[in-house]
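The figures here come from the full heavy-atom set of this structure, side chains too, leaving out hydrogens, waters and symmetry mates. Quantities reported herein were computed from a predicted structural model and do not represent experimental measurements. In this chain, residues are counted from 1 in sequence order.
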Amino acid sequence: MSNDNSYLQDLVHLSSARTETRIKMNSKGVYVLAVLLMVTITCVYFSDSLSKYILYASRAEDDHWFAQRFDKSVQPFLTEKNNVSKDAFDWWKQLQQLEKQSFDYYQRVVGSLLKTFPAISKGAERCRTCAVVGNSANLKDSHYGQLIDSHDVVIRMNMGPIKGYKEDVGAKTTHRLMYPESATDLDNMTHLVLTPFKIMDMVWLQKALTTGFQGKTYEPVRSTIQANKNLVRVLNPGFIAYVHQTWLRKQRGYPSAGILAVILALHMCEEVHVFGYGADNNGNWSHYWEKLKNPKLGTGLHYGNEEYDLIQMLAQHKKINFFKKPFPKS
Ligand code: C5P
């Protein structure tokens with residue numbers, strides 16, 4: 001009987017010891033689970049900034065070719081703080097040989113522009129993903145529209161229309177680069193980004209959005225333009241000089257709106273996707289919305305081949321995604 005009792009006691013003891021172990025193991029398991037849960041929540045919460053960091057970190061430090069060109073300190077947009085240096089101004093001023101005004105005059109024009117549109121000073125906002133849409137006729141039948149619209153920021157330029165071309169070029173525009181000779185009306189949600197190639201372009205912008213611009217540049221230009229005054233930005237002439245000297249490494253000519261848009265996007269966005277670049281089979285910058293009128297159009301005053309090569313290099317170095325369709329046969 002006493003044996004039975006001690007056996008029973010042993011059994012109870014053993015079972016409570018097992019329960020204790022199980023409880024201990026269970027609480028260990030709960031602890032591990034809680035930690036795992038916390039890690040998961042933290043990862044999900046920070047994944048956006050984490051992926052941004054990874055993309056951003058891969059931008060320069062690990063790539064000699066890119067590091068030699070990409071200068072993080074360059075501010076693409078004109079603000080009160082970052083006016084152009086005298087050297088860059090002198091280079092910029094001779095671009096169209098129309099400009100006879102002095103540096104003092106330039107600074108007065110900029111001062112007046114910033115006063116009329118204080119929003120210019122906000123500079124560049126940062127963005128996650130960006131689509132840059134050039135005006136190449138290779139966008140015809142590309143069906144890129146939906147993909148283009150899926151990006152946070154969509155940069156277009158000059159007269160590139162969206163109405164009637166949604167399937168191939170998308171319908172969203174957050175930024176449009178333009179100069180007086182290529183100006184179009186904008187809706188209330190789109191940033192007007194002036195790419196100034198002369199001081200007169202800044203004078204034009206100020207007047208075209210207020211009292212109206214009278215006169216012409218090297219050709220007749222629009223006297224007024226529709227755009228949200230709070231979303232006006234102006235490319236810093238110093239940024240244009242930087243793209244010319246550091247990215248294109250050229251003595252003559254100057255960067256096109258298209259290559260300026262690509263480098264601007266690199267400075268604003270973590271991920272850059274490029275569409276609609278590439279001359280036609282005869283070397284002309286023909287457009288997706290019109291039949292080529294001038295068979296000797298070429299690429300204007302710009303280094304079309306070099307700009308295209310630069311875009312390809314950026315893609316090879318995985319700094320941008322370059323979407324290119326074969327050029328449609330005409
Ligand atoms: O003709 P436009 O200057 O409006 O085109 C905007 C930009 O699109 C150009 O500056 C150029 O970079 C790009 N483009 C191109 N191939 C074309 C037409 C335009 O790469 N066939």
Side-chain angles (χ1 to χ4, degrees), residues 42-63 66-84 114 117-134 147-157 170 172-178 186-196 227-243 246-247 255 257-275 310-311 314-315 317-323:
T42 315
C43 281
V44 169
Y45 186 77
F46 287 111
S47 62
D48 198 31
S49 24
L50 202 69
S51 65
K52 265 182 202 168
Y53 171 75
I54 291 164
L55 279 163
Y56 200 64
S58 70
R59 271 280 168 84
E61 290 76 8
D62 58 332
D63 184 325
F66 190 74
Q68 278 189 320
R69 289 158 178 81
F70 185 75
D71 181 351
K72 219 165 36 179
S73 72
V74 171
Q75 299 296 318
F77 294 141
L78 206 66
T79 68
E80 269 160 12
K81 280 186 225 112
N82 65 83
N83 250 328
V84 65
L114 291 171
F117 310 116
I120 289 178
S121 269
K122 283 186 184 160
E125 55 284 274
R126 295 220 44 87
C127 82
R128 171 93 181 80
T129 70
C130 172
V132 185
V133 189
L147 180 60
I148 288 172
D149 284 348
S150 70
H151 295 93
D152 302 334
V153 160
V154 179
I155 303 180
R156 300 182 196 272
M157 62 217 68
K172 180 174 173 179
T173 311
T174 62
H175 295 71
R176 187 177 286 269
L177 271 59
M178 64 169 80
L186 303 183
D187 64 27
N188 216 29
M189 309 289 284
T190 303
H191 291 79
L192 187 167
V193 180
L194 179 78
T195 50
N228 184 336
K229 295 185 181 67
N230 293 317
L231 298 180
V232 176
R233 301 285 184 274
V234 178
L235 278 192
N236 188 340
F239 176 76
I240 302 175
Y242 153 75
V243 174
T246 311
W247 286 96
I259 198 69
L260 289 170
V262 172
I263 307 297
L264 169 68
L266 277 177
H267 278 261
M268 281 171 59
C269 302
E270 306 301 335
E271 254 181 67
V272 177
H273 305 263
V274 174
F275 305 81
L310 174 58
I311 293 172
L314 283 166
H317 285 252
K318 300 199 176 350
K319 306 307 172 198
I320 62 169
N321 271 335
F322 185 22
F323 293 83

Is a side-chain donor or acceptor of [X] paired with a backbone partner of [Y] at a separation under 3.5 angstrom?
X	Y	value
His273	Ala131	no
Thr195	Met178	yes
Asn228	Asn188	yes

What's the shortest heavy-atom distance between [X] and [Y], and which atoms?
X	Y	answer
Lys319	Asp62	NZ-OD1, 4.1 Å
Met268	Ala124	CG-CB, 3.9 Å
Phe239	Gln75	CB-O, 4.3 Å
Val132	Ala261	CG1-CB, 3.8 Å
His175	Val153	ND1-CG1, 3.8 Å
Arg126	Glu270	NH2-OE2, 3.0 Å

Interatomic spacing from [atom1] in [X] to [atom2] in [Y] - rounded to 0.5 Å:
X	Y	atom1	atom2	answer
Ile120	Arg233	CD1	CZ	8.5 Å
Glu271	His151	CD	NE2	7.0 Å
Thr79	Asn236	OG1	CG	7.5 Å
Thr173	Asp149	OG1	CG	8.0 Å
Leu260	Leu177	CG	CG	7.0 Å
Ile259	Ile240	CD1	CD1	13.5 Å

Checklist entry - In this structure, which one of Lys318, Gln68, His317 forms a side-chain hydrogen bond (donor to acceptor under 3.5 Å, both in side chains) with Asp63? => result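 Looking at Lys318, Gln68, His317, the match for Asp63 under the side-chain hydrogen bond (donor to acceptor under 3.5 Å, both in side chains) is His317.
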
Checklist entry - Of all residues at least two apart in sequence or in a different chain, which pass the side chain to side chain contact (heavy atoms under 4.5 Å, CB included) check with Thr246? => result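 Counting only residues at least two positions away or on another chain, Thr246 forms a side chain to side chain contact (heavy atoms under 4.5 Å, CB included) with Arg69, Tyr242.
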
Item to check | SG proximity flag Cys127/Cys269, limit 2.5 angstrom | outcome: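 Cysteines Cys269 and Cys127 qualify as a disulfide pair, their SG atoms being under 2.5 Å apart.
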
Item to check | Check: Leu231 and Thr190 side chains under 4.5 Å, non-hydrogen atoms | outcome: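 No, too far: nothing below the 4.5 Å cut-off.
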
Checklist entry - Got Leu314 and Leu266 here, is their nearest side-chain heavy-atom distance under 4.5 Å? => result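 Contact flag for Leu314/Leu266 side chains = yes.
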
Item to check | For Phe77, all residues meeting ring pair (Phe, Tyr, Trp, His ring centres under 6.0 Å), sequence neighbours excluded | outcome: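 If we apply the ring pair (Phe, Tyr, Trp, His ring centres under 6.0 Å) test to Phe77, skipping adjacent residues, there are no hits.
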
Item to check | Whether Trp247 and Phe70 hold their rings parallel, tilted or perpendicular, with breakpoints at 30° and 60° | outcome: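 Correct class here is perpendicular.
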
Checklist entry - Does CD belonging to Glu80 count more than 12 external heavy atoms closer than 6.0 Å? => result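 Incorrect, the count does not exceed 12.
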
